[in-house]
Amino acid sequence: CASDGTGTDRFAYVEQPVEQLYSEGTKAIKRRRYDDAIAYFAEVERQHPYSAWARRAMLMTAYSEYLVGDWEASLGTIDRFLAIHPGNKDAGYAYYLKAMNYYERIRDVGRDQQITREARDALTDVIRRYPETEYARDAQLKLDLTQDHLAGKEMDIGRWYLKQNQHVAALGRFNNVLEKYQRTGHTEEALHRSVEAYLELGLLDEAKRHAAILGYNYPGSPWYRDTYRAFRRHGQELEQIQAANAASSRNQVAELTPEEKLRRAGDDVDLSKAPEIRNDAGGPEITETAIPGGAD
Amino acid sequence: MGFAPLSEAFAAQQVQQESGLLIRSIEVTGNQRIEAGTVRSYLPVEPGMQVGSLEIDAALKSLFATGLFEDAEVLFDPRRGVLTVNVLENPIVNRVVFEGNKRTKAEKFEEEIQLEPRSVYTRAKAQADAQRVIEVYRRSGRFGATVVPKIKRLDQNRVDVVFDIDEGPKSGIKAVNFVGNTAFTDAELRGAILTAPSRWWNIFESNDNYDPDRLEYEQQLLTEFYSKNGYADFSVVSSVAELTPDRKDFIVTFTVEEGPKYSFGSVDVNTTLSKLPGRLLRARIPIRSGTTFNSELVEKAEESITFATGAAGYAFVDINPRLDRNPENNTVDITFDVNEGPRVYVEEININGNVQTLDPVIRREMRVIEGDAYNRIGIDRSERRVKGLGFFSDVVIEEEPGSAPDRTILNVNVTEQPTGSFQVGGGASSNDNFIFNVSVEQRNLLGRGQYVLLDLQAAQRTKQARLSITEPRFLGRQLRAGASVFYNATDFEEAGFVSDTVGFNVNAGFPSSEFSSLLVNYGLRYDNVEFPTRRAVGQREEGGDLFLLEQTMDGEGNNVFGFTDFTIDDILIEGSSFDRLGDIPIDTDGDGFLAISNPGIVRFDSCSLEGQQVNFSCARNGEFVTSQVGYTFRMDKTNDPIVPSAGYDFTISQSFAGLGGDVNFHRTTIRAGTYKRLPFRLIGSLKFNGGYVDSFDNDGVRINDRFFLGGNRIIRGFDVAGVGPRLFQAGATGRAATRGQSIGARAYAVGTAEALLPLPLPPSYGIRASLFVDGGYIGGTSRGDDALFNTGEPTLDFFGDEEFDDPLQNGFDPRVTAGVSVNWNSPFGPIQVDLSEALIAEPYDRPLSFRFSAGGRF
Amino acid sequence: CVSTRAQHGYVVEFGETGLDALPGVDSKESVLARFGEPSVRPPLNDDTWYYISHKTNARAFFQTQVYDRNVVAFRFDEEGLVEGVDRYTLEDGTQVDMVGRVTATRGKTLSFWEQLLGGVGAAAGLVPEGQPGAGGGGGGPGGPR
């Protein structure tokens, strides 16, 4: 008979009592032989589809698939369980395991965060549906970490733009953190980076305001120490420059008319069309002269 | 488990209507796997509610909606106020089997269908899956396939699902015809579309099956093809695929209406932007009145207007071209209306799908920054640049409304593709009994966009290692920096040849303009070439000189070593060294003989023997360091990097050695080409390749640093290193017949005239054939070399033409070859075949009329 | 060598009156209507809006430089009326060295062999380790009770 790919042909049609199959499965999990566990539980479901064991076996299959890192299969099994037993007392665990299947795959902030968003939604689902259970308590912890991670992504992009002197883009990302992720660990850094950006733009009052918020909410934070040091270095400097600039009549440089701008701009330059940079001077195509003495 | 007899059920029905009694409890019967609680949760009614035919109907509907039940029945017993819900659960799928699928394996279907072991079976799902299987067959061109789902009932309400498949004939394409085309031949139009007639010999063609959606796409391709060549009114009347009488193949017929051929009439721009007169923008448009109408040029014009307005300070511009045809003189007038566009800013740029590549590696390619004004050209250019990275199989930039009416969010959706390769190989060769090699290449190292290549090769006699790394954005700038380290050692001591080379190379390159790039590089290399040889020696007394031994017979007639009167120092040139292998025996009994069994051995470089310096091999012997700096400047103004048909390109690269190290030379190579479309749809190209190398203090250029032509693209029709100066030495037996050794040319100047032939094959095959004539001067050795090689060897008849020839042939002589060159971009890599005839060549060259090369970067 | 100039942030087109407002007369709504959303709108207190535009110049392999910047700040009082308009240019700014430290984040990073041999991101076959937020996260889920 066609094996359905989970190695069950070894057990196929060996009618075993359901308790024995189930206990074999749990033993396999303890011995970390998850593929065997999956096979046993699949057999329980297949041979005794109507027993209460089948319902528990479905969950154990999902758990084993999760342990072996086969996230999609585990999610598939959980969805199948919830379709048939939505009201069951173990449904809480199923939703929780579903959230964990995403949570385990959260990638570092430099890469795609789609999985992190799915983890956040699944964790929120667990907390909303089963508020008082210990699944919800653990899910809440992990939800905070997931939000922290998403805030980390915003900061990662914001810092990159700040390094490129793109202050509008950088402040946009830091403001995202200050708005949507206020209760995460990145708020302190977001405030300090905003101070750095506003100082570079010369907006002293805005920088002072963000520094005050940072000092008030996170007095001991190392970021506040950096902000204080940045002010000590650039505070007076900016005040003096701006005072001097205000005093000297701003020489309003006459803005060029579009015609002049166009004439000066010359042609459209797209460096990406430049020819491929190849290293031709690598040296002559030397061919090993025959080994001397070799008779011809 | 029988159902309540009709009459009683009917009676029960009767009673409800009048009194609409309350439900006291709900009983669920007939459920096996699904709990009663679950069934109750699906019912819209609960105990304590009124019940009537409406509620019962709603309950039935919701039960069936779950898809869990094959049949369901809701009855109300007014006396006990009990609502009984009787269900028959859908069976569970035990196995899914496909029968009759010869051409396509089961796995292909399993990905498509929903029914899988342990899932719930419903007749609707089975029908839907059957349709999906048929769809799989349609996609691979089998339109005659029929699929019938059957079930086999098992115990405990389980079923095996069997899909009974009859695949039917594969419907290929017998012919692709065009009706109504006068301007272009059928062959030309076939080149413009994808569908190709299926031929047995064409195993690689994937577009030779009938696929309806591809026909749809091809109508668009035809329209584009025609509108690029002046047919603005072109339209595809119909594209019909008829089945051939034997129902095996399809004949595809496109009926087209070309309409007249238009050329550009007047072109002007009217704009409402203040202080930017239309004529200034008109000057930027690449369309000349009177030339053939070409829709691509219209798009290019739009792009250059957008750039011009942007440069003039207008970021929000709305451009739409108006085409007015005047049929009497077949011209099209174009007016570009340029007005103020909607003021929209880019709020956020989100990069999705980058599972491997880091966010900044993609973000730095974007031409648009968050907070910038939204502009179409910047987005298109960004998409092109991200695609240019080569890490993604698909890049799409989508727009999404932002948090405010004048804000938009850009989603850069990428699909990663594998960017690394890892080969391990083993083998045996004639002179090494085993060869083992490992090569690891990654074009996107850890998602950082860096390139790394590690190549290791170990064999009994040769070892090679190479590591090279490239960072496209060194120090965050538009600067591509690369470095490579290499080591190789060959140890053929028994053949008297041991060489070690170790070195590194660093380079940095950047686009110096839109059409040119500059790369500078520095390389340091240490070479040590030795020709080790051994001599037997002995000592007359302790700590004395080492005398050379020779085999003789002693008094009693057994073989012994006799002392000669030469010491090792006599035969070596001043200051050269030798090593002692083991200890040297002493002639204790002073009889002038030593036992044959244990002579002392010394090893030294055979080139340090007197009189050997002139030997050709010794010219590259010993230890030397090459410290070399150089640059490569490339200018490319052709219209297509792969098959240019207009414009020119030019590359010059020079390198200078002598900055430290004990090798000095300056080497220059130049490559230039100009391309032009010729009549009969040929593409002509004239190319020039030149090179010159000389040392600074003209004491000769080492062999390694010279030009070895032949066997590469510069001049075709010769064996590897088969053209250029050669040195002949008398053969071992004194006769003249030796091949001689190529010693490399110091200068070459070769021109190529080539004509690319129009092949009837569609471009998708990637086959190109061309006729070529390569001709030029190659040769010349420096004064230092002449002195080195005029060894006073006897002039012998080296070429069998009964004339006596000088052993050193190094004239700067003309060579001309002509022939056919075929390039094929095969799925296994670039393959190239040259068939050529050497019309003019020197007698000592080694022409080769057929040459085949694969995989090389040609 | 060739240099490419680019315009970033808010755009004031030629012929338009620049960004200005009458204190006490103009309000948040009128500024919003005339000039659209500000480039930067600090979330923690909404009494100052900034319209920022700058021009950059990139030449060959040199670092991209900002050669012109205009910041226009609209200050509002409690009722949302314009209190004052300040203007800053490139000369009013300075260069601040960014602090090197970064708030730590976790998440599964990509290993070289994983990237090469496929199975990107999924720790196939291994018990999933590298628990993000191991601190508060605690262990993985136990089996169903």
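Chain naming here is simple, since letters A, B, ... match the order of the sequence lines and numbering starts at 1 in each. Since this is a predicted model, take the numbers as computed values, not measurements.
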Assert top hit (heavy-atom pairs under 4.5 Å, partner chain A, pool C:Asn45, C:Val40, C:Val66) equals C:Asn45
Which residue pairs pass the salt bridge (Lys or Arg N to Asp or Glu O under 4.0 Å) test with at least one member in residues 161-175 of chain A, sequence neighbours excluded? A:Glu154-A:Arg173, A:Arg173-B:Glu370
Interface moiety of A:Arg209 toward chain C, non-hydrogen atoms closer than 4.5 Å: side chain
C:Thr56 versus chain A, heavy atoms under 4.5 Å apart: side chain, backbone, both or neither? side chain
Quick one: pull up CD in A:Glu237 and CD in C:Gln95 and give me the separation to the nearest 0.5 Å. 10.0 Å
Structural part of A:Leu191 lying under 4.5 Å from a heavy atom of chain C: side chain
Is C:Ile52 in contact with chain A via its backbone, its side chain, both, or neither, using a 4.5 Å heavy-atom distance? both
Neighbourhood of chain A inside residues 21-32 of chain C, taking heavy atoms under 4.5 Å as contact: none
Quick one: sort the A:Tyr198 and C:Tyr50 rings into parallel, tilted or perpendicular, breaks at 30° and 60°. tilted
Side-chain contact, heavy-atom cut-off 4.5 Å: C:Pro42 with A:His210? yes
Heavy-atom cut-off 4.5 Å, strictly under: side chain, backbone, both or neither for A:Ile213 against chain C? side chain
Could you grab the distance from atom CG of A:Leu199 to atom OG1 of C:Thr94, nearest 0.5 Å is fine? 8.0 Å
From C:Leu90 atom CG to A:Glu200 atom CD, the distance as rounded to the nearest 0.5 Å: 10.5 Å
Given a strict heavy-atom distance threshold of 4.5 Å, which part of A:Glu206 is in contact with chain C: side chain, backbone, both, or neither? both
Atom OH of A:Tyr228 with >12 non-hydrogen neighbours under 6.0 angstrom: no
Heavy-atom cut-off 4.5 Å, strictly under: side chain, backbone, both or neither for A:Phe174 against chain C? neither
Would you mind writing out the side-chain donor-acceptor pairs for residues 97-104 of chain C within the sub-3.5 Å range, not counting sequence neighbours?
from	atom 1	to	atom 2	distance (Å)
C:Arg101	NH2	A:Asp226	OD2	2.5
C:Thr103	OG1	A:Glu189	OE1	2.5

Less than 4.5 Å to any heavy atom of chain C: does that hold for the side chain of A:Leu201, its backbone, both, or neither? both
Taking the side chain as every heavy atom from C-beta outward, state whether C:Arg69 and A:His167 have any pair of such atoms under 4.5 Å apart. yes
Could you measure the distance from the OG1 atom of C:Thr105 to the NE2 atom of A:His149? Nearest 0.5 Å is fine. 6.0 Å
Which atoms of A:Glu188 approach chain C - backbone, side chain, both or neither, heavy atom under 4.5 Å: neither
Checking A:Leu162 against chain C: side chain, backbone, both or neither under 4.5 Å from a heavy atom? both
Do C:His8 and A:Asn165 have side chains that get closer than 4.5 Å, going by heavy atoms? no
Suppose we screen for side-chain hydrogen bond (donor to acceptor under 3.5 Å, both in side chains). Which residues come up paired with A:Ser64, at least two apart in sequence or across chains? none
